[in-house]
Each structure stands twice: as structure tokens, then as C-alpha cells.
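These numbers were taken from a predicted model, which means no experiment stands behind them. Counting starts at 1 for both ligands and their atoms, in listed order.
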Amino acid sequence: MKHIIIAIDGHSSTGKSTFAKAIASVLDYTYLDSGALYRAVTLYALQHGMIGENGIPHAQRIADSLPAISLSFRKDPVSGKNRTWMNGHNVEELIRSLEVSRHVSPVSEISEVRDFVDVQLRKWGEKKGIVMDGRDIGSAVFPNAELKIFMTAPAEIRARRRLEEMTAKGEKASYEEVLANVLERDRLDSGREKHPLVKAPDAVLLDNGNMTVEQQMEWFKKLMKRKWGITLK
Ligand code: DC
């Protein structure tokens, strides 16, 4: 199959990264997680005291410090998994912390941060043969992506899935709290001034509320067959 860009966008907790990784593996493409870059910038801002006690980021200070942030993805030689590096350090675990999760939304709203992340993503996209997930990949970062998929599921189902993930990690929360968080994240993602979460008009909708990962892969294989006549194993 010729190398193309596949953009996967959608609501939080819809399983975008699981789906995107599975597609990348079937096609032997590179998986790139755009959210990891917003998380890395947020980690930098936290490490350098650029987020106030009230949780409000110092937008100008963060914007001014962007030239000092160098980001990359590198394959871990042992696990073979892509890891996020910032300024010479593997920050994969740190960017997944609750602290970063709590502050990433307002940081990702800063216009200069979005421009900075977009430049990186587009550079990596030049190579094609990538599956990238996020919120604005098909609508803003790669509007010419050959395949765009927009994922969604009812908020109640996403909250239940998220709660299961958290419980598995030993994190405690009630279903009501998690649901409120899912709804709040939807509001922030869709209400953002610059590059909000929207379904690109040419994106294919995947509502996976009642689908397992295996069923989603079957759906994808059918889509490839229909769109390009390609049969995937
Ligand atoms: O997908 P995630 O939870 O790792 O994303 C982290 C944050 O970054 C989340 O607040 C949404 C934001 N984000 C974004 O604004 N645009 C993207 N393309 C990817 C993520």
C-alpha cells in the first residue's frame, strides 16, 4: 500500500491511541501521539514554575520558552515502543502523571504552543506512512490527510472505560467524578478558540460505543477494502 497519512481524531477516552497503534501495526506504519507533545510542553511549564497556584498557565512565559524545548519520539530498544523525549530525557512516564493531565488542557489552548506543536507534527508527517492521533489532526494539522477517522462514543460509556483503566492502575475515583471529567474535557476540547475538536467534513465517523477493539479492526479492514480495494490480514 502506498504510504499515506492517517489522521485519527475524536473525543477523549474513545480509545484513539489503542486503535491508532493497532492500525499502524497492521500497515507497518509509524504511530505518532500528538497529545504527548502537549503533555511534554505542560511538563516543562510545571518544572519551570510557569503554572500559577490557581492552575492558570503564564502564557507569555511559556511562549517565550518554546525555542528551548526540543521534542522527539524514540523507539525503546527493549520494548520496541515509541517513547517521548524532551531535551535529552525520556519523559514518557512523567507526561502521563495526574499532575500533567490536570494542567494540559489550558496549556494546549495557548496559540503559540499549538503553532509550535504543529510545526513538529508536520515535519514528522512529511515522511508519510504515519498514523497520528489527536484532536485537530484531520481538521487543522493535516487537512490533506488521505484518510481521516473521527472517533466518538457516548460519554457514559467513555466514563466507564476510563474508570476501569484508573481502577486497574490503582487510582481511586467515583463514576460520577470520572463522568464529570469526561464532560469537562469535551467542553474544553470543543470550545477551544484555536483548532477546536471538530469532525472534518471528509472524516469517516467511528462510533465505537458498542464495539470491541477487534470489531473496530474489522471495521477498519472493511473500510480499506471499500476505499482502496486493499485486503488486510
Ligand atoms: O490525548 P491526550 O489526553 O494525551 O491529550 C492531551 C491534551 O492535549 C488534551 O487536553 C487535548 C490536547 N490535545 C490537543 O489539543 N490537540 C491534539 N492534537 C492532541 C491533544
Show the atoms of ligand 1 that are less than 4.0 angstrom away from any heavy atom in G35.
4 (O), 5 (O), 19 (C), 20 (C)

The protein heavy atom nearest to atom 10 (O) of ligand 1 is S105 OG, 3.5 Å

Would you say ligand 1 has an N or O under 3.5 Å from any N or O of S34?
yes

Closest non-hydrogen protein atom to atom 1 (O) of ligand 1, residue and atom name please, with distance?
R135 NH1, 2.9 Å

What atoms of ligand 1 come closer than 4.0 angstrom to any heavy atom of D189?
11 (C)

Under 4.0 Å between a Lys/Arg side-chain N and an Asp/Glu carboxylate O for R192 and D136?
no

According to ring pair (Phe, Tyr, Trp, His ring centres under 6.0 Å), who are the partners of W85, at least two apart in sequence or on a separate chain?
none

Between T152 and H11, is any side-chain donor less than 3.5 angstrom from a side-chain acceptor?
yes

The closest protein heavy-atom partner of atom 8 (O) of ligand 1 is Y38 CB, 3.6 Å

For atom 16 (N) of ligand 1, closest protein heavy-atom neighbour
R114 NH2, 2.9 Å

Run the contact test for S12 against ligand 1 with a 4.0 Å cut-off on heavy atoms, strictly below, and give the result.
no

So, are D202 and K148 salt-bridged, with charged N and O less than 4.0 Å apart?
yes

E109: heavy atom below 4.0 Å from ligand 1, yes or no?
no

Do any N or O atoms from the side chain of E164 and from the backbone of R161 form a donor-acceptor pair under 3.5 angstrom?
no

Contacts of type ring pair (Phe, Tyr, Trp, His ring centres under 6.0 Å), residue F19, not counting sequence neighbours
none

In plain terms, say whether E146 and K128 are close enough for a salt bridge, that is, a side-chain N and a carboxylate O under 4.0 Å apart.
yes

Would K194 and D115 pass as an ion pair if we require N to O under 4.0 Å?
yes

Numbered atoms and elements of ligand 1 in range of R192, under 4.0 angstrom, heavy atoms:
15 (O)

Under-4.0 Å heavy-atom contact with ligand 1, by part of R39 that carries it
side chain

Closest to atom 7 (C) of ligand 1 (judged by heavy-atom distance), picking from D136, V117, V104, V141
V104

